[in-house]
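Order of the sequence lines sets the chain letters (A, B, ...), proteins ahead of strands, with each chain counted from 1.
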Amino acid sequence: MTVFAQRVYRQLKTVPMGRVTTYKALAESLNSRAYQAVGQALRHNPDAPNIPCHRVVASNGGLGGFNGQRTGKQLEKKIRLLKSEGVKVVENKIKNFKDVFWRF
DNA sequence: CATACCGTCCAAT
DNA sequence: ATTGGACGGTATG
């Protein structure tokens, strides 16, 4: 893996339960604007169970995508997981987004 | 080295 | 709500 990706995962692991972050915030916390690179890194998902990629959402409050899909059954499972962590999701979007948003 | 891809973002329409 | 361009980094050959 690359250094960049390692940093992404490291930051991601610092996000506590019930909180989410965005690709943008993540990238910026790494002193970079590579939002897409973050997404790509997560997509390759080298350490899936250990990395809470479901806590990463789009800046508009949308869920973004998961496991290479923006929609699908897998996604719904992740939504359920988020809900079980205290994050409310409605219509594939985060509710009270600014409340659960994690600022690094 | 060059090209294509990306789970995005933002501004303009 | 939709489009179209932009940017940084990785993947692949």
Please give, in whole Å, the distance from [N] [atom2] to [X] [atom1]?
X: A:R7; N: C:dT10; atom1: CZ; atom2: C1'; result: 15 Å
X: A:E28; N: C:dC7; atom1: CD; atom2: C1'; result: 12 Å
X: A:R55; N: B:dG7; atom1: CZ; atom2: C1'; result: 17 Å
X: A:F66; N: B:dG7; atom1: CZ; atom2: P; result: 12 Å
X: A:Y9; N: B:dG7; atom1: OH; atom2: C1'; result: 12 Å
X: A:L26; N: C:dT10; atom1: CG; atom2: P; result: 14 Å
X: A:Q36; N: B:dC5; atom1: CD; atom2: P; result: 13 Å
X: A:I51; N: B:dG7; atom1: CD1; atom2: C1'; result: 14 Å

What nucleotide among [options] has an atom nearest to a side-chain atom of [X]?
X: A:A58; options: C:dA11, B:dC9, C:dG8; answer: B:dC9
X: A:Q40; options: C:dA11, B:dG7, B:dC9; answer: C:dA11
X: A:V56; options: B:dG7, C:dG8, C:dT10; answer: B:dG7

Within the 4.0 Å heavy-atom criterion, would you say [X] contacts the bases, only the backbone, or no part of the nucleic acid?
X: A:G64; value: nothing
X: A:N45; value: base
X: A:Y23; value: base

Is any side-chain heavy atom of A:N67 less than 4.5 Å from a side-chain heavy atom of A:K78? yes

For this session: Would you indicate whether the side-chain heavy atoms of A:N92 and A:L75 approach each other to under 4.5 Å?
Result: yes

So with a 6.0 Å cut-off around [atom1] of [X], is the heavy-atom count from everything else above 12?
X: A:Q6; atom1: CD; answer: yes
X: A:R7; atom1: CZ; answer: no
X: A:D47; atom1: CG; answer: yes

Tell me if a side-chain donor or acceptor on [X] pairs with a main-chain N or O of [Y] at a distance below 3.5 Å.
X: A:E85; Y: A:V87; answer: no
X: A:Y35; Y: A:T22; answer: no
X: A:R55; Y: A:V15; answer: yes

With a 4.0 Å limit, can you tell me whether [X] has a side-chain N or O closer than that to the phosphate oxygens OP1/OP2 of [N]?
X: A:K24; N: C:dC7; result: no
X: A:S59; N: B:dC9; result: yes
X: A:R43; N: B:dC5; result: no
X: A:S32; N: C:dG9; result: yes

On DNA chain C, more 5' by nearest nucleotide between A:A41 and A:Y35 is A:Y35

Output field dot_bracket for DNA chain B (Watson-Crick or G-U, both distances under 3.5 Å, | for other-strand pairs) contains ||||||.||||||

